[in-house]
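Before any comments, here is the structure.
Quick note: numbers below take in every heavy atom, side chains included, and nothing from hydrogens, waters or symmetry partners. We count ligands from 1, going down the list as the structure has it; atoms in each ligand are counted the same way.
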Amino acid sequence: MPKITYIEHSGDAHVVEANAGLTVMDAAVKNNVPGIDADCGGACACATCHVYVEPAWLTKVGGRTAMEESMLEFAEGVEENSRLSCQIRIVDALDGLVVRLPQSQH
Ligand code: FES
């Protein structure tokens with residue numbers, strides 16, 4: 001199972017083993033990772049699942065969807081590597097993925 005590491009703004013890291021097919025948001029919620037509220041349940045409609053993808057993983061993770069782009073306009077502290085974690089589907093190639101959580105989410 002792919003391992004995903006979530007690093008809170010405080011620096012606390014949570015390593016989660018996730019089934020391929022889930023989203024990065026699903027895996028966080030299932031494992032009680034703090035800071036990913038996912039208020040809309042993954043419908044790309046709340047931006048409370050905002051994460052920063054570690055630069056080394058950006059290409060493997062792929063680009064934002066158009067809907068995600070427009071939702072990120074409502075998120076705080078958006079950077080080049082910002083993604084909505086409900087829009088990142090976990091595949092085996094993402095084993096080792098590292099994402100960081102924004103300061104506004106804790
Ligand atoms: Fe709401 Fe991702 S869970 S936008």
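Looking only at distances, no side-chain donor or acceptor of Arg64 sits under 3.5 Å from a matching main-chain atom of Glu69. Panel note: side chain Gln105, backbone His50; a donor-acceptor pair is recorded below 3.5 Å.
Contacts with ligand 1 closer than 4.0 Å are made by backbone heavy atoms (N, CA, C, O) of Ala45 only, the side chain lying farther away.
Under a 4.0 Å criterion applied to the non-hydrogen atoms of Cys40, ligand 1 contributes the atoms 1 (Fe), 3 (S), 4 (S). The ligand atoms of ligand 1 that sit less than 4.0 angstrom from a heavy atom of Cys46 are 1 (Fe), 3 (S), 4 (S). Distances below 4.0 Å separate heavy atoms of Cys44 from the following atoms of ligand 1: 4 (S). Set against the non-hydrogen atoms of Cys49, the atoms of ligand 1 under 4.0 Å away are 2 (Fe), 3 (S), 4 (S). Within the listing of ligand 1, atoms 2 (Fe), 3 (S), 4 (S) sit less than 4.0 angstrom from a heavy atom of Cys86. Near Ala38, meaning under 4.0 Å from one of its heavy atoms, ligand 1 places the atoms 3 (S).
Contact detail for Ala18 and Ile4: the closest heavy-atom pair is CB-CG1, 4.4 Å.
Clustering ILVMFWY residues whenever any of their side-chain heavy atoms sit less than 4.5 angstrom apart, transitively, puts Val53 in the very cluster that holds Leu22. If you chain together hydrophobic residues whose side chains sit under 4.5 Å apart, Ile88 and Val91 fall into the same group. A continuous path of hydrophobic side-chain contacts links Val78 to Phe74 [ILVMFWY only; heavy atoms under 4.5 Å]. Side-chain heavy atoms closer than 4.5 Å link hydrophobic residues (I, L, V, M, F, W, Y) into clusters, and following such links, possibly through other members, connects Val51 to Leu58.
Not one N/O/S atom of His50, from backbone or side chain, sits under 2.8 Å from atom 2 (Fe) of ligand 1.
When only non-hydrogen protein atoms are considered, atom 3 (S) of ligand 1 lies nearest to Gly42 N, 3.4 Å.
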